[in-house]
Amino acid sequence: MNAPAQQHSEQIVRFSFSQRLEHIVTIFTFTGLCLTGLPQKFYAKGWAQWMVEHLGGIDQTRWIHRAIGILFVTATVVHLVNGLNALLSRRSAFTMLLNKKDFEDCVLQLRYYLGLTDEHPRYDRFDYKQKWEYWSLFLGNIIMGLSGLMLFFPTVFAKVLPGQLIPAAKVAHSNEGLMAFFVIAVWHIYNAHLQPDVFPFDTSIFTGKISRERMLHEHPLELARIEGRSADDDHGHHADASRKVG
Amino acid sequence: MLKTRLFLLTALLAFTASRARAGIPAEQDDCLGCHGGDKSMTMDLPSGEKLPIYVDTAVFAKSVHGEMLRCADCHSDKNGYPHNSKPFKNRRDVTVAYYEQCKACHFANYTKTLDGVHFAVLAKGNQKAALCVDCHGSHDITRPTEPRARISATCAGCHQKESDVYVKSVHGKALAEQNQDVPVCTDCHRAHDIADPRDGKLSMRTPEVCGRCHTNEKLMAKYGLSTHVVDSYLSDFHGMSASLQRKTKGGPKGMVAAVCTDCHGVHDILSAKDPTSHTVKANLVQTCRKCHPGANENFPSAWLSHYQPSWNKASLVYGVQLFYKFLIPFILGSLAIQIVIHLWRVVVNR
């Protein structure tokens with residue numbers, strides 16, 4: 001765990017400096033890639049041409065895109081190596097791994113939203129939505145990085161692989177990129193800014209801190225573990241406290 | 001008195017004579033009285049050249065201007081006798097000096113030439129640059145498009161090298177067989193506002209230039225050719241790059257993405273089925289290598305040969321396309337539904 005127990009002033013450290021830095025790097029690289037990539041996909045549109053023109057022409061736009069892409073891929077590799085290292089050296093339980101409870105939580109959460117139950121899932125460090133977004137981004141990064149490299153060095157890849165992979169990579173890069181843009185623009189912005197629980201802005205990933213009250217509400221199982229008590233001790237935040245972390 | 005009678009007689013004679021000869025207004029100037037007689041009539045120029053000053057009345061009569069123009073309409077400085085002669089050094093000086101005479105009537109085309117490469121060359125001081133009369137002729141001007149093949153022959157007068165290549169191309173060969181569908185020089189290069197082909201602007205325009213015929217359903221059906229060559233090109237990497245490079249202010253920097261002519265050739269375009277064509281499968285690697293030096297024999301299949309991906313052609317590309325066609329709406333739809341039901345529950349809870 002990256003969050004040592006800190007109960008004073010009702011603020012709990014949720015993210016380490018390196019995690020916050022990674023998030024900032026992701027914001028800038030992702031935005032940069034969207035700004036230089038989407039106009040290439042929608043090259044026939046007026047706004048796209050306007051953007052490409054203001055980025056200094058298509059050739060310069062592509063060089064910027066590739067430079068940011070390299071940074072993005074590097075950040076992903078660093079993240080992967082750090083994650084694997086932490087996991088293998090057992091310095092931390094990898095709280096982002098999917099488990100059975102996530103699927104149960106998802107079903108329960110949807111049933112709750114639909115009004116079929118009043119029981120709300122009790123989340124640990126990351127809820128299923130956060131995990132889904134994390135793994136989508138992670139998988140997306142791999143697809144984007146690989147297909148991006150193929151488009152960057154088409155002749156090199158065609159030396160060892162069938163040539164048709166290049167246009168296939170272009171289709172994948174273009175569609176995956178658009179999907180990632182929409183997932184972030186709709187889903188992430190909703191969950192981190194617009195949804196009623198955090199509106200207008202969830203600052204925890206920037207300050208690294210979260211209020212104990214929000215922890216109790218959003219991550220009760222983690223809070224209980226941090227505070228060294230059984231999750232059952234929560235005074236009736238939600239009816240069902242029998243679920244334990246897997 | 002005698003003088004007056006003599007004058008009237010001459011005038012009457014001249015009038016009846018001109019009526020009899022198909023009414024050439026030029027004759028009324030009586031210029032042809034001197035210039036229409038002696039075929040060997042020349043003028044000595046300081047360069048040592050002899051300037052022929054004989055005009056064949058019959059040829060002029062048959063020209064497009066034969067029934068319309070007087071000599072002085074073009075030779076506007078020669079309206080009296082003796083002529084006020086200008087100090088011409090050589091024959092080319094004469095042509096250049098009279099070149100602007102066409103402007104008075106053909107102003108639109110004259111203006112276009114100001115944007116053309118020939119004028120640009122002339123403005124730099126090269127007097128060899130083609131002027132109106134070099135392509136159209138002078139006293140013998142006839143419709144330049146009759147027959148159409150004449151246009152390419154006209155350009156060949158100076159551009160022999162290009163013409164030699166063109167006549168062997170799929171277009172040039174068909175033209176020689178009186179085919180009226182194929183492009184002659186001016187169809188691609190234009191007639192008056194001919195762009196300099198060296199600055200890349202013309203090649204950037206090739207999707208539009210070639211597309212004029214190659215997207216014409218009726219015309220292409222005649223030859224069994226696809227009309228999707230332009231849109232399949234534009235939706236591919238080269239096409240989108242070239243489209244954006246074309247929009248870049250001050251022209252593209254660095255390498256320009258491949259346009260039609262980069263793969264198919266310029267004057268040497270052959271049928272894609274011709275075994276010596278640049279685009280036939282056996283030669284494609286060589287064509288790709290012009291821009292992609294490291295390309296090996298796998299590489300040409302990265303280009304889908306103007307085909308839209310389908311199960312039969314480029315099935316991998318088609319599969320990926322199909323995958324995302326379903327995945328994107330599914331993912332975004334699921335997320336949207338979750339947001340909506342979440343908000344609904346929030347409202348209900350209040």
Side-chain angles (χ1 to χ4, degrees), chain A residues 39-44 48-50 52-53 56-63 106 109-110 112-115 118 129 132-133 136 147 150-151 153-172 174-176 178-179 182-183 186-188 190-191 194-197, chain B residues 234-237 239-257 288-289 292-304 309 314-321 323-325 327-328 331-332 335-350:
Chain A
Q40 294 186 55
K41 180 171 172 64
F42 297 101
Y43 67 98
Q49 288 162 3
W50 183 88
V52 169
E53 194 189 312
I58 178 61
D59 298 296
Q60 194 165 310
T61 304
R62 282 209 178 114
W63 282 116
C106 178
Q109 181 74 81
L110 293 178
Y112 175 82
Y113 287 159
L114 288 168
D118 277 334
K129 294 177 193 173
W132 179 83
E133 199 179 314
S136 301
S147 57
M150 281 188 200
L151 298 172
F153 305 104
T155 51
V156 175
F157 278 87
K159 281 205 171 91
V160 284
L161 295 165
Q164 214 197 102
L165 269 178
I166 310 298
K170 182 172 169 271
V171 172
S174 158
N175 282 292
E176 183 72 30
L178 182 69
M179 187 166 72
F182 275 122
V183 166
V186 177
W187 184 243
H188 185 76
Y190 174 75
N191 282 311
L194 303 180
Q195 67 135 316
D197 287 344
Chain B
L234 288 175
S235 62
D236 193 78
F237 186 81
M240 68 172 269
S241 305
S243 304
L244 285 169
Q245 282 172 328
R246 199 171 144 179
K247 304 268 190 239
T248 307
K249 263 186 199 155
K253 293 161 202 132
M255 205 166 179
V256 178
C288 296
R289 277 186 191 152
H292 302 277
N296 76 339
E297 56 282 359
N298 279 354
F299 190 69
S301 55
W303 161 245
L304 302 181
S315 45
L316 178 68
V317 182
Y318 183 70
V320 177
Q321 257 177 8
F323 173 70
Y324 280 102
K325 210 172 176 177
L327 185 71
I328 295 178
I331 296 284
L332 295 179
L335 297 181
I337 288 169
Q338 222 180 123
I339 291 173
V340 170
I341 59 174
H342 180 197
L343 288 172
W344 182 73
R345 179 70 198 217
V346 169
V347 172
V348 168
N349 277 2
R350 277 192 183 161

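Computed from heavy atoms alone, side chains included, the values below leave out hydrogens, waters and symmetry copies. Here is the naming used below: chain letters follow the sequence lines, and residue numbers restart at 1 for every chain. In this text the structure is predicted, and so the values were computed from the model without any measurement.
- Counting heavy-atom pairs under 4.5 Å between each of B:Ala257, B:Ala314, B:Ala336, B:Pro293 and chain A puts B:Ala314 at the top.
- Rounding to the nearest 0.5 Å places CG of B:Leu332 at 11.5 Å from CH2 of A:Trp187.
- Counting heavy-atom pairs closer than 4.5 Å to chain B, the top-ranked of the candidates A:Met179, A:Gln164, A:Lys129, A:Gln40 is A:Gln164.
- In this structure a side-chain-to-backbone donor-acceptor pair under 3.5 Å is missing from A:Asn175 to B:Lys325.
- We find the CD1-CZ distance between A:Ile166 and B:Phe237 to be 11.0 Å, quoted to the nearest 0.5 Å.
- When heavy atoms are compared at a cutoff of 4.5 Å, B:Leu234 approaches chain A by way of both its backbone and its side chain.
- Closest heavy-atom contact between A:Pro167 and B:Leu304: CG-CD2, 3.9 Å.
- Counting only heavy atoms from C-beta outward, the side chains of A:Trp132 and B:Leu335 approach each other to under 4.5 Å.
- Between B:Asn298 and A:Lys159 there is no side-chain heavy-atom pair separated by less than 4.5 Å.
- A:Tyr190 touches chain B through its side chain: at least one heavy atom from C-beta onward sits under 4.5 Å away, while N, CA, C and O do not.
- Ranked by heavy-atom pairs under 4.5 Å with chain A, the list B:Leu327, B:Ile331, B:Leu316, B:Val340 is led by B:Leu316.
- Residues B:Trp344 and A:Gly115 come closest through the heavy atom pair CZ3-N, 4.4 Å.
- To the nearest 0.5 Å, the span separating CZ on B:Arg289 from OG1 on A:Thr155 amounts to 10.5 Å.
- No part of A:Leu194 comes within reach of chain B, as not one of its non-hydrogen atoms sits under 4.5 angstrom from that chain.
- The OH atom of A:Tyr113 lies 6.0 Å from the CD atom of B:Gln338; values are rounded to the nearest 0.5 Å.
- Residue B:Ser241 touches chain A through both its backbone and its side chain, counting heavy-atom pairs closer than 4.5 Å.
- Proximity to chain A involves both the backbone and the side chain of B:Ile341, based on heavy atoms less than 4.5 angstrom apart.
- Between the A:Lys170 side chain and the B:Asp236 main chain, no donor and acceptor come within less than 3.5 Å of each other.
- The candidate from B:Ile328, B:Val346, B:Ile339 with the greatest count of non-hydrogen atom pairs under 4.5 Å with chain A is B:Ile339.
- For the atom pair NE2 of B:His342 and CD of A:Gln109, the computed distance is 7.0 Å after rounding to the nearest 0.5 Å.
- The parts of A:Val183 that come within reach of chain B are both its backbone and its side chain, each placing non-hydrogen atoms under 4.5 angstrom from that chain.
- The part of B:Asn296 that comes within reach of chain A is its side chain, from C-beta onward, which places non-hydrogen atoms under 4.5 angstrom from that chain.
- Side-chain atoms of A:Tyr43 do not come within 3.5 Å of backbone N or O of B:Ala242 as any donor-acceptor pair.
- Counting heavy-atom pairs closer than 4.5 Å to chain B, the top residue among A:Ala169, A:Ala172, A:Ser136 is A:Ala172.
- Residue contact with chain B, scored on non-hydrogen atoms closer than 4.5 Å, involves the side chain of A:Pro196 exclusively.
- For B:Phe323, no part sits under 4.5 Å from any heavy atom of chain A, backbone or side chain.
- Only the side chain of A:Gln195 comes within less than 4.5 Å of a heavy atom in chain B; its backbone stays farther off.
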